Amino acid sequence: MSLKKDLSIDFLGVKCENPFFLSSSPVGSNYEMCAKALEAGWGGIYYKTIGIFIPDECSPRFDITTKEGTPWVGFKNMEQISDKPLEVNLEYMRRLKQDYPNKVIVASIMGSNDEEWTTLAKAVTEAGVDMIECNFSCPQMTSHAMGSDVGQNPELVKHYCEVVTAATHLPVIAKMTPNIGNMEIPAIASMEGGAAGIAAINTVKAITNIDIENITAMPVVNGKSSISGYSGAAVKPIALRFITQMKQHPDLIDVPITGVGGIETWRDALEFILVGASNLQVTTAVMQYGYRIVEDMISGLSHYMEDNGIEKLSDLVGLALPNIVPAEDLDRSFKLLPKFDEDACAGCGRCYVSCFDGGHQAIDWDEEARRPRLNTDKCVGCHLCLNVCPVMDCITPGEIVIKPGREEHEIKIKTKYE
């Protein structure tokens, strides 16, 4: 049954009816598309990045990674910023804000020099948008003066944030590239330049597949291809990592973050919120399922809040951060043995093979009964067996064993997997 709670939240001083926004991408690149999305229930739009530069796009420009019988695991695109004239995009944004005054319109902009950044910032401000996102992170631009090459240079990030904030009164968001080791460095630089928030992450530079017919990467463009941006569910772990590290940094702990990268379900959305994102951006889920996927996200998050007595969405923001600690602070005084449900076991032997060939040889195999038998002396509690088992809840966390010489203490464990 559908349930809709109050999911409104403040982001950079702007009230959003819910945290779900289209990210700046092909799914929000003209008036008609954005209007349809807003009618479907999205809280706002990060309009596809605009610039002075109009790209000459290649064809084809998309590829996916998948497993047999599953939706996309990852999505590769070689698309650049908007291919429409600046004046057309500005008119679309102006109309969107006029026709949907209670929705939030964010202009994503990208320049290649001070003059272009200034021109774009002033133009979108005059168009009436609510916020500005500076795209320092697109990995497939044909100019090294734009995109992720800029985002990897903290001095340029700071400088262009100064240029943009000087040209507008609107809140400015700096969109970070994940194609870097330490995102905190350019993020702090953007704050020093006057940005008010961070968007993380943009797409990850990647090659998704190699075409063995043309001996090049996918997609094949006249026998050639290129490294470009990878998104979708596959990059969610990377996005969660970068957001967590930024929100745990003392210089960024209070900086609002809009989370991007692999949000396809309400649970994905919740995970981003729990590590500190108070605004969310989505693209690939829309490409697969259409704009109405937001209804499922709103309903699912509403049910979670109802079931857990959460009245305000803001109460969930960052709740997981205190429990994500450096590796040296983990409790290493015990091991958690797996427990096998013989009635649920399908007798496939996956756990035995994986443990013997990829683990610690801690599972013996009963050939006659076709059942695993745990060798507790050898088991280190790694839970490889639990993760390869194809039967839900057949292998679950079991006995807690305190290591020799360690004191007994209360231990909190995960008891079930969904």
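Computation of the quantities below employed the complete heavy-atom set of this structure, encompassing side-chain atoms and omitting hydrogens, waters and symmetry-equivalent molecules. Not measured: the values here are computed from a predicted model. Residue indices begin at 1 and follow the sequence shown.
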(request) Evaluate whether atom CD1 of I215 has more than 12 neighbouring non-hydrogen atoms of other residues, nucleotides or ligands under 6.0 angstrom away. (result) yes

(message) The criterion is side-chain contact (heavy atoms from CB on, under 4.5 Å); which residues satisfy it with Y31, sequence neighbours excluded?
(response) A35, Y92, R95, L96, D99, Y100

(request) Determine the interplanar angle of the F75 and W72 rings, folded into 0 to 90°, and report it as parallel if under 30°, tilted if 30 to 60°, perpendicular if over 60°. (result) parallel

(request) Tell me, with the steps shown, if T177 and N179 meet side-chain hydrogen bond (donor to acceptor under 3.5 Å, both in side chains). (result) CA-CA 5 Å; T177 175; N179 303 297; 3.1 Å; yes

(message) Could you check whether any side-chain N or O of N209 sits under 3.5 Å from a backbone N or O of I64, counting only pairs where one atom can act as donor and the other as acceptor?
(response) yes

(message) If the condition is side-chain contact (heavy atoms from CB on, under 4.5 Å), which residues does P219 pass it with, not counting sequence neighbours?
(response) P60, D63, K76, M78, S225

(message) Could you work out, with salt bridge (Lys or Arg N to Asp or Glu O under 4.0 Å) as the rule, every residue matching K103, not counting sequence neighbours?
(response) E17

(message) Less than 4.5 Å apart, side chain to side chain, heavy atoms only: is that true for V221 and R61?
(response) no

(message) For I402 versus H409, what's the shortest heavy-atom pair and its separation?
(response) CD1-CE1, 4.4 Å

(message) side chain to side chain contact (heavy atoms under 4.5 Å, CB included), that's the test. Do Y230 and T203 meet it? Break it down for me.
(response) CA-CA 5 Å; Y230 190 49; T203 53; 5.5 Å; no

(request) Answer whether the closest heavy-atom distance between the side chains of Q245 and H249 falls below 4.5 Å. (result) no

(request) First locate atom CZ of F136, then atom CG of N202, and finally report the distance between them rounded to the nearest 0.5 Å. (result) 12.0 Å

(message) Do F53 and Q80 have side chains that approach each other closer than 4.5 Å (heavy atoms only, starting at C-beta)?
(response) yes

(request) For L321, enumerate each residue passing the side-chain contact (heavy atoms from CB on, under 4.5 Å) test, keeping only those at least two apart in sequence or located in another chain. (result) T244, K247, Q248, V275

(request) State whether the number of non-hydrogen atoms from other residues, nucleotides or ligands found under 6.0 Å of R292 atom CZ is greater than 12. (result) no

(message) For a side chain to side chain contact (heavy atoms under 4.5 Å, CB included) check, start with the C-alpha distance between M93 and C34, then their side-chain angles and the critical distance, and finish with the verdict.
(response) CA-CA 9 Å; M93 284 187 271; C34 293; over 6 Å; no

(request) For S82 and I50, indicate whether the former's side chain and the latter's backbone hold a donor-acceptor pair under 3.5 Å. (result) no

(message) For R94, give me all partners under salt bridge (Lys or Arg N to Asp or Glu O under 4.0 Å), at least two apart in sequence or on another chain.
(response) E91

(request) Could you tell me whether a side-chain N or O of T265 sits under 3.5 Å from a main-chain N or O of R267, the two making a donor and an acceptor? (result) yes

(message) Is there a side-chain contact between S24 and K175 in this structure, where contact means two heavy atoms from C-beta onward sitting under 4.5 Å apart?
(response) yes

(request) Count the heavy atoms of every other residue, nucleotide or ligand shown that sit under 6.0 Å from CG of N222, and state whether that count exceeds 12. (result) no

(message) What I'd like to find out is whether the side chain of L386 reaches to under 4.5 Å of the side chain of P397, using heavy atoms alone.
(response) yes

(request) Could you tell me the separation between the CH2 atom of W117 and the NE2 atom of H159, rounded to the nearest 0.5 Å? (result) 11.0 Å

(request) Would you check if the side chain of N214 reaches a backbone N or O of T216 as a donor-acceptor pair within less than 3.5 Å? (result) no

(message) I'd like to know if the side chain of N308 and the backbone of I310 have a donor-acceptor N/O pair within less than 3.5 Å.
(response) no

(request) Give a yes or no answer on whether the side chain of S8 reaches the backbone of N18 with a donor-acceptor pair at less than 3.5 Å. (result) no

(request) Could you tell me whether the side chain of M246 reaches within less than 4.5 Å of the side chain of V255, counting heavy atoms only? (result) no

(request) Assess whether atom CD of E410 is packed by more than 12 heavy atoms of other residues, nucleotides or ligands within 6.0 Å. (result) no

(request) Using a cut-off of 6.0 Å, state whether more than 12 heavy atoms not belonging to E57 lie near its atom CD. (result) yes

(message) With heavy-atom distances below 4.5 Å as the criterion, would you say the side chains of I109 and I132 are in contact?
(response) yes

(message) Applying side chain to side chain contact (heavy atoms under 4.5 Å, CB included) to T168 and V124, what does each step give before you reach the verdict?
(response) CA-CA 9 Å; T168 184; V124 298; over 6 Å; no

(message) Measuring from atom NZ of K15 to atom CD1 of I9, what distance do you get when rounded to the nearest 0.5 angstrom?
(response) 11.5 Å

(request) For side-chain hydrogen bond (donor to acceptor under 3.5 Å, both in side chains), just list the numbers for D296 and S299, CA-CA rounded to whole Å, side-chain angles, deciding distance to a tenth of an Å, and then say yes or no. (result) CA-CA 5 Å; D296 294 340; S299 178; over 6 Å; no

(message) Quick check: closest heavy atoms across Y47 and S108, and the distance to 0.1 Å?
(response) O-CB, 3.4 Å

(message) Rounded at 0.5 Å granularity, tell me how far CD1 in I257 sits from CZ in F11.
(response) 8.5 Å

(message) Would you say that C355 contacts L384 through its side chain, given a criterion of any heavy-atom pair below 4.5 Å between the two side chains?
(response) no

(message) The criterion is ring-ring contact (aromatic ring centres under 6.0 Å, His included); which residues satisfy it with F334, sequence neighbours excluded?
(response) none

(request) Taking T165 for its side chain and E162 for its backbone only, find out whether a donor-acceptor pair lies under 3.5 Å. (result) yes

(message) I'd like to check the side chain to side chain donor-acceptor pair (under 3.5 Å) partners of S231; sequence neighbours left out, ordered by chain and number.
(response) none

(message) Test: ring-ring contact (aromatic ring centres under 6.0 Å, His included). Region: residues 268-301. Which pairs qualify, not counting sequence neighbours?
(response) none

(request) Using side-chain contact (heavy atoms from CB on, under 4.5 Å) as the criterion, list what pairs up with A269, not counting sequence neighbours. (result) F20, I263, L280

(request) Measure the CG-CG distance between L12 and N279 for me, rounded to the nearest 0.5 Å. (result) 8.0 Å

(request) Show your reasoning for whether side chain to side chain contact (heavy atoms under 4.5 Å, CB included) applies to I201 and I180. (result) CA-CA 11 Å; I201 60 176; I180 193 169; over 6 Å; no

(request) Taking K335 for its side chain and C379 for its backbone only, find out whether a donor-acceptor pair lies under 3.5 Å. (result) yes

(message) Donor-acceptor check, side chain of K403 to backbone of R332, threshold 3.5 angstrom: yes or no?
(response) yes

(request) Examine distances only and state if a side-chain atom of D130 and a backbone atom of V106 form a donor-acceptor pair shorter than 3.5 Å. (result) no

(request) Tell me, yes or no, whether the heavy-atom count around K224 atom NZ, taken from other residues, nucleotides or ligands under 6.0 Å, exceeds 12. (result) no

(message) If the condition is salt bridge (Lys or Arg N to Asp or Glu O under 4.0 Å), which residues does E271 pass it with, not counting sequence neighbours?
(response) K236

(request) Please identify each residue that fulfils ring-ring contact (aromatic ring centres under 6.0 Å, His included) with Y46, with sequence neighbours left out. (result) F21

(request) Measure the CG-NZ distance between D331 and K412 for me, rounded to the nearest 0.5 Å. (result) 13.5 Å

(message) If the condition is salt bridge (Lys or Arg N to Asp or Glu O under 4.0 Å), which residues does K48 pass it with, not counting sequence neighbours?
(response) E79

(request) Look at atom CD of E192 and say whether more than 12 heavy atoms of other residues, nucleotides or ligands are closer to it than 6.0 Å. (result) yes

(request) Locate the shortest heavy-atom distance separating A40 from E295; write the atom from each residue and the value. (result) O-CG, 4.1 Å

